[in-house]
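Only one structure is covered here, and it is reproduced in the block below.
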There are 2 protein chains.
Amino acid sequence: MDRNHLRYRLAALDFLEEEDWSLLDRLLERHQFATPGEIVVLEKQELKLTRVILSGWGFRFRSLPDGRRQILNFLVPGDVVGYYATVIARSDCGVEALTDMEYAVFPASDLVEVSRTNPRLMLALGWIAGQSERILDEQITRIGSRNARIRMAHMLVELYVRLRKAGLDRDQSSALPVTQAILADALGMSAVHANRTFRSLAAQGWISREHGAIRLEDIRKLSAIASFDHDYLDHGEVPPPTLGAIEDALSPD
Amino acid sequence: MDRNHLRYRLAALDFLEEEDWSLLDRLLERHQFATPGEIVVLEKQELKLTRVILSGWGFRFRSLPDGRRQILNFLVPGDVVGYYATVIARSDCGVEALTDMEYAVFPASDLVEVSRTNPRLMLALGWIAGQSERILDEQITRIGSRNARIRMAHMLVELYVRLRKAGLDRDQSSALPVTQAILADALGMSAVHANRTFRSLAAQGWISREHGAIRLEDIRKLSAIASFDHDYLDHGEVPPPTLGAIEDALSPD
DNA sequence: GCGGTGCATTAACATATGTTGCGTGCCCAC
DNA sequence: GTGGGCACGCAACATATGTTAATGCACCGC
């Protein structure tokens, strides 16, 4: 399991040193497992743990008074859950596994020490957190201002792209382990309408279903109708000036 | 201007020391101003600055291909914009002022040093960032799974609560400087429908308009129909166990 | 083989929301 | 004052989406 996807994603940043990597390894020592449908984190739970998804899929969600639920975002390998748990004690959202899932757990307060001893690593983890926030922005835009077809296409492409960035190859990342009901919860629409929308996209041959999963058949077409911005998750490759600034800030050490 | 609202909000955390406060003051030394309607941050702009709202209102938004825009969240005094700018160079959303606004600006890379020298302060700022993320979660839930009336009521109450927590008194915080068009952009609905919804709430006497602003007349009723969770922004008062953990993590200093 | 159970599909109908277009009142610059 | 711009109000109609309810189909345990 040493080839975890967080490592892969962080490598793109290209400024971590040997000691950062080894501290990261120690941080991620303790692993836990979950099976499909398992609730990993309960809502409204006192929570002082940070988790890192190592393999498999899940999602963060909130339940509504009327029994429905809203999926806030999906979790893929390399994602961090509970980054702020040190300062925000209660978790307001639950986490559920979609597939078999392996994740690392450590006390959130460890991050306080990390920030003191290895600011570079902390910065790198902050980068991951920042990406999540950007994904939330995108989710808001998707739900708030697009119709069902575009919403669904956009969501599917985003998941595909995130998986590829997490290091999964084309074939692994074009079969998404989500049911239409899950998609409906994520996109804020009824299951029936999700099905209508799904069939409409499937009729054009852009997606298809296989078992309880969805296969992307034509990612270009999907990106096109959703006017998906392929750059939007790309800012990982920190450009030289910024990297310089980091070194400057660190150098008076 | 020494009584800035970030200071007020951070005071609730109750673990910052004298040196943290003075570093914060130095960080927020440089102020800038904006007038209503002014674009403070352009979309898709290289951005290596972090900003802290000191007074006034604004919002983060994204433009859509068809000319509409989605408001991601509102900014009130004490909010931080561009917390991750060190690692995520490009800003994907713009920031616009709603009222006269004063804000502090500093290079995002300063935060790297803060995290090394004053992890407590960094933690405190992370708490602010964590609250913003929670607000995004709420925005997703609001847009994704509630009808127009509830969405609007919920949003209005949230703004009211956030203002009060930022230190504004009841009267200042029950008049919100937003037009119905702004609300529509925030709630992901058409301006006409926002107006319908507004009038429906106004007909019950729960809100009213005054000039270009909205006055909340009955916050209890609004909270009730929106089943607004008054705790959800409350986790600021870090409970003893967590605070203990922070001290533990810091003590081997 | 049988009967579940979970997911997908479909139809008919109800409702929420979007669109277009026009009218009103207010404030402000000239 | 007056003309223009802006926020708001409103009606009629078009459309997207929700609801309910029933059906089919695969998989699985027994």
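Heavy-atom basis, side chains included; hydrogens, waters and symmetry copies ignored. Proteins come first, then strands; the chains are lettered A, B, ... in the order of their sequence lines, and each starts at number 1.
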If you assign B:A194 and A:H211 each to the DNA chain C nucleotide with the nearest heavy atom, which residue ends up on the more 5' nucleotide?
A:H211
Starting at CD1 of B:I150 and ending at P of C:dT17, how long is that distance when rounded to a whole Å?
10 Å
Ignoring hydrogens and angles, state whether a donor on the side chain of A:Q139 or A:N73 is under 3.5 Å from an acceptor on the partner side chain.
no
Output, in order, the C-alpha distance, side-chain angles, deciding distance and verdict of salt bridge (Lys or Arg N to Asp or Glu O under 4.0 Å) for A:E138 and A:R146.
CA-CA 11 Å; A:E138 192 63 51; A:R146 307 199 228 248; 3.2 Å; yes
Please determine, for the side chain of A:H193, which listed nucleotide (D:dG18, C:dT10, C:dC7) has the closest atom?
D:dG18
Most 5' of B:T197 and B:V192 on DNA chain C, judged by nearest nucleotide
B:T197
Can you tell me how far C1' of C:dA16 sits from CZ of B:R146, to the nearest Å?
17 Å
Within the structure shown, what part of the strands sits under 4.0 Å from B:A191 by heavy-atom distance: base, sugar-phosphate, or nothing?
nothing
Any idea which heavy atoms bring A:I143 and A:R151 closest together, and the distance?
CA-CD, 3.9 Å
Would you indicate, yes or no, if C:dA11 has its OP1 or OP2 atom less than 4.0 angstrom from a side-chain nitrogen or oxygen of A:R196?
no
To the nearest Å, how far apart are A:L183 CG and C:dC7 P?
13 Å
Is it true that the side chains of B:R51 and B:Q32 contain a donor and an acceptor less than 3.5 Å apart?
no
Output the rounded distance in Å from CE (B:M189) to C1' (D:dT15).
17 Å
If you look at every strand shown and take non-hydrogen atoms under 4.0 Å, does A:G188 touch a base, only sugar-phosphate, or nothing?
sugar-phosphate
Nearest whole Å is fine: how far is C:dA16 C1' from A:N147 CG?
16 Å
Using whole Å, report how far CG of A:L187 lies from P of D:dT17.
11 Å
Any donor-acceptor pair, under 3.5 Å, between the side chain of A:R68 and the base of D:dG18, if you only look at N and O atoms?
no
Candidates D:dG18, D:dC8, C:dT20 - which lies nearest the side chain of A:S190:
D:dG18
I need the CZ-P distance between B:F198 and D:dC8, as an integer number of Å.
7 Å
May I ask you to verify if any side-chain N or O of A:R151 is less than 4.0 angstrom from the OP1 or OP2 atom of D:dT17?
yes
N/O donor-acceptor pair, side chain B:R209 with base D:dG9, under 3.5 angstrom
no
Ring centre gap for B:F228 and B:H230 strictly below 6.0 Å
yes
Ignoring backbone atoms, test whether B:Q180 places a side-chain nitrogen or oxygen under 4.0 Å from the OP1 or OP2 oxygen of D:dG9.
yes
Protein-nucleotide distance (A:I143, atom CD1; D:dT17, atom C1'), rounded to Å
15 Å
Between A:N195 and C:dT9, does any side-chain N or O lie under 4.0 Å from OP1 or OP2?
yes
